[in-house]
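Below is one structure, written out as structure tokens; comments come after it.
Chain letters run A, B, ... following the sequence lines, proteins first and then strands; every chain starts at 1. Only heavy atoms go into these numbers, but all of them, side chains included; no hydrogens, no water, no symmetry mates.
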Number of protein chains: 2
Amino acid sequence: MADSKQFQRIVNLSHVLQLLRINEGISRIEISRQLSLDRSTITNLVNPLLENSIVKVVSEGIAPAKGGRRPVLLGINENFGSILGIDLQISSYSAVLVNLNGSILQEWSGNLVYSGIVETIERLYESLKDEIDSFSVPIIGIGVGIPGIVDTEKGFILKATSFDCHNFNFEIAAEGLFSVPVLIDNDANCCAWGQLEKNKDKRLQDFLNIIWKLHRQEGESAPVEIEIGIGVVLKGEVYYGSGSAAGELPEDLLSREQGNIYIKTEDGWNIDPVALKVYLDSLFQYLKPIFSVFDPQEIIFGGQFTHCREAVEAILEECDFSISFPEVNNRDTAYGAASMFMEKLFQSPELQKDSDKKTLQWSDVLRRYND
Amino acid sequence: MADSKQFQRIVNLSHVLQLLRINEGISRIEISRQLSLDRSTITNLVNPLLENSIVKVVSEGIAPAKGGRRPVLLGINENFGSILGIDLQISSYSAVLVNLNGSILQEWSGNLVYSGIVETIERLYESLKDEIDSFSVPIIGIGVGIPGIVDTEKGFILKATSFDCHNFNFEIAAEGLFSVPVLIDNDANCCAWGQLEKNKDKRLQDFLNIIWKLHRQEGESAPVEIEIGIGVVLKGEVYYGSGSAAGELPEDLLSREQGNIYIKTEDGWNIDPVALKVYLDSLFQYLKPIFSVFDPQEIIFGGQFTHCREAVEAILEECDFSISFPEVNNRDTAYGAASMFMEKLFQSPELQKDSDKKTLQWSDVLRRYND
DNA sequence: CTTTGTTTGTTTATTAAATCAACAATGAAA
DNA sequence: TTTCATTGTTGATTTAATAAACAAACAAAG
């Protein structure tokens with residue numbers, strides 16, 4: 001080890017990248033001002049990034065009011081690489097391919113036959129590989145979201161009941177099987193990473209992202225299994241807790257209160273407003289203290305919550321939490337899984353020094369270029 | 001600004017100090033190993049600390065098993081300075097003077113007549129000054145804990161109902177009135193800082209510290225006002241939330257469920273076990289989801305909870321949270337206020353770079369020595 | 001008792017990286 | 001056209017970390 005001489009540079013580099021990421025088009029001087037670093041320092045940090053085409057020149061800025069040289073606006077080269085995000089369920093998946101500014105290049109979804117978590121992901125990746133490679137943007141990583149408790153840092157699946165998977169060392173099992181790094185995380189956490197990515201310019205740092213997921217889709221049988229997942233974001237990072245189980249609600253709380261929210265009508269399964277109100281009243285009785293204790297900047301409601309926005313707003317009316325209901329769709333988890341990979345790539349390595357926390361390194365990604 | 005050249009050194013210095021603090025007696029080489037820094041780097045960092053007598057030689061260690069020079073064990077010089085911690089209530093206070101290893105040098109408590117927060121603290125400090133100065137250990141700072149919502153970083157009291165104090169800039173009001181820095185924080189958070197200090201060698205990093213406080217002490221009238229305060233500690237630091245209100249419970253939740261827990265018997269006010277069970281059952285119904293969502297390493301119960309340990313244990317039996325009931329006494333908050341000051345002094349300044357978070361600096365403390 | 005090997009800790013030289021200062025390029029406004 | 005402000009680069013300087021060599025201290029083997 002003991003290469004702490006380069007540590008300061010790496011920290012500054014990641015700060016520079018963070019700024020480039022959240023400001024599409026920022027000059028070197030503006031970066032130096034925001035980071036309180038010397039102009040020449042930024043020049044020295046940015047130029048290698050330009051040479052490696054991780055950063056590109058976006059445009060010439062307008063000249064300052066009082067005159068002077070026009071700034072050269074820089075930004076992340078979104079076509080440096082793409083990330084595959086996968087939302088893996090027991091019998092279905094959805095996947096998205098995003099570039100480095102978070103734009104979706106392609107999306108997929110479908111059913112699958114589960115045959116072990118590593119094998120299933122591998123098969124899925126193989127089936128998509130040709131299409132992925134047809135883009136001019138080379139893939140640099142894969143993020144996977146699964147329902148279950150996952151230690152993302154260690155690449156360890158602690159509990160994934162629906163996959164019948166317990167205490168499984170995914171990282172070791174996947175070793176060498178993929179040409180790019182693969183990170184795995186809980187699905188609710190992935191959604192939270194996705195929101196962090198979407199709100200990166202708003203500097204939303206502390207929030208709760210609550211999703212209401214149906215485990216059985218509307219079909220012949222009623223969608224009985226309701227899952228409430230909370231993604232906890234503190235100081236701009238998803239918080240995992242001491243046992244990677246942060247955001248989990250007690251099982252008895254979830255199961256006992258669901259009632260028969262869904263009723264069958266001519267046009268399929270619909271929400272019964274009366275049962276819904278009973279359920280939500282009961283649920284938020286428990287959620288409100290959580291909101292208070294976390295004191296979040298914002299509470300984001302996703303998944304099925306968008307279908308009962310008014311009811312939620314009514315319940316939280318007297319509380320003065322800032323709440324929002326973003327547009328949702330069924331690739332949110334997959335998008336979030338890709339965002340998770342990206343956030344970890346751009347994450348500043350400040351704290352990883354003495355802890356055993358292992359962050360993704362650009363060197364892992366650049367290795368491909370050096371071959 | 002722009003003295004980021006020294007930043008690395010400051011970070012390393014604070015890491016060294018942290019290690020010295022949690023290991024009473026550690027050699028330079030061991031520090032270098034734990035921080036993955038070169039041996040000579042530690043020598044260069046430690047020697048100025050020794051010269052300033054912030055660090056002292058504790059003892060000669062035993063020689064290594066395979067032979068070799070005996071290590072020189074170093075530790076924080078606990079007599080470098082003392083910190084006054086104050087638990088301020090509307091009509092009473094308690095205070096402790098602690099040295100830098102957290103030992104209590106002196107303690108006080110009594111009633112007081114409130115006359116504005118700054119003035120009250122100032123009067124209290126003046127009345128204790130002679131006794132404080134009688135110790136050979138010079139005072140280097142004051143920490144104050146109050147019931148209310150406080151932005152400690154900014155030194156701003158957002159809401160302290162019992163003091164009738166709202167949106168009050170304590171830092172500016174106290175400017176120049178004290179010979180040492182004064183930091184102010186919420187009382188429940190202070191208790192959490194105190195637990196962090198007490199458990200520093202166990203490396204307890206993520207926990208909830210829940211205290212049950214009585215606002216009116218047992219006396220003529222029943223102690224009706226029960227206050228539950230939660231201190232949230234994440235990654236070795238008290239978490240304040242987006243509005244400094246983290247750890248607060250909704251007011252309606254607290255007030256509606258108290259019942260008549262205290263009943264009058266011949267020997268004063270006592271707890272009614274039946275009413276207690278009803279109250280605790282109701283309370284923990286709301287706390288359990290909070291515990292789940294935080295996924296803490298440990299949950300510490302303080303204050304009046306020690307009087308109903310069995311009841312709490314029974315309620316949490318089926319959950320597998322690690323819980324503990326440390327010895328409590330009525331100077332815990334004052335001790336915690338002092339710990340808060342100390343933790344902030346030793347806190348590693350890693351994150352304070354680009355944020356507006358202002359950490360206490362050793363230079364603030366050393367200023368006294370330079371005069 | 002001497003030798004050998006190990007470990008702590010310091011000293012000196014080297015190296016990485018940030019700052020500082022000087023300067024070129026550019027453009028607004030007088 | 002001149003002046004001044006601003007961006008960005010280049011080269012000298014400074015800070016602080018590492019590397020390497022060495023001194024001191026000590027256990028264990030011969």
OP1, OP2 of D:dA16 versus side-chain N and O of B:N12: anything below 4.0 Å? no

B:D38 CG to C:dT11 C1', in whole Å, measures 12 Å

Within residues 21-33 of chain A, the residues having a heavy atom closer than 4.0 Å to DNA chain D are A:S27, A:R28, A:I29, A:R33

Looking only at C:dT19, D:dT18, D:dA24, the nucleotide nearest the B:R69 side chain is D:dA24

Rounded to whole Å, CG of A:L50 lies from P of D:dG8 at a distance of 11 Å

| said: Determine whether a donor-acceptor pair (one donor, one acceptor, N or O, separation below 3.5 Å) exists between the side chain of A:T41 and the base of C:dA17. | reply: no

Quick note, A:R70 side chain, CB onward, closest among D:dA17, C:dG27, D:dG8 is C:dG27

Between CG of B:L74 and C1' of C:dT8 the distance, given in whole Å, is 12 Å

B:L73 atom CG is separated from C:dT8 atom P, nearest whole Å, by 11 Å

Exercise. Would you mind classifying the nucleic acid contact of A:R39 as base, sugar-phosphate or nothing, using non-hydrogen atoms under 4.0 angstrom?
Key: base

For the residue pair B:Y239 / A:D206, report whether a side-chain donor-acceptor contact shorter than 3.5 Å exists.
yes

Phosphate oxygens OP1/OP2 of D:dT18: is one of them under 4.0 Å from a side-chain N or O of B:S40?
no

A:I42 atom CD1 is separated from D:dT7 atom C1', nearest whole Å, by 13 Å

Assert: residue with more 5' nearest nucleotide on DNA chain D, out of A:K66 and A:V72, is A:K66

Per side chain to side chain contact (heavy atoms under 4.5 Å, CB included), B:N101 is matched among B:E78, B:R21, B:E197, B:M342 by B:E78

Nearest-nucleotide check on DNA chain C, A:N44 vs B:T43; residue mapping nearer the 5' end is B:T43

>> Here's one to test your reading of the geometry: is the NZ or CZ of B:K154 within 45 degrees of the ring axis of B:F170 and under 6.0 Å from its centre?
In response: no

A:N44 versus A:R39, side-chain donor and acceptor atoms under 3.5 Å:
no

A:H15 NE2 to C:dA18 C1', in whole Å, measures 16 Å

When rounded to whole Å, the CG to P distance for the pair A:L45 and C:dA17 reads 9 Å

A:L35 atom CG is separated from C:dA18 atom C1', nearest whole Å, by 13 Å

A:E298 bridged to A:K202 by N-O distance under 4.0 Å
no

Partner of A:Y240 under side chain to side chain contact (heavy atoms under 4.5 Å, CB included), picked from A:V232, A:T152, A:D151, is A:T152

Side chains of B:L100 and B:I83, heavy atoms from C-beta outward: is any pair under 4.5 Å? yes

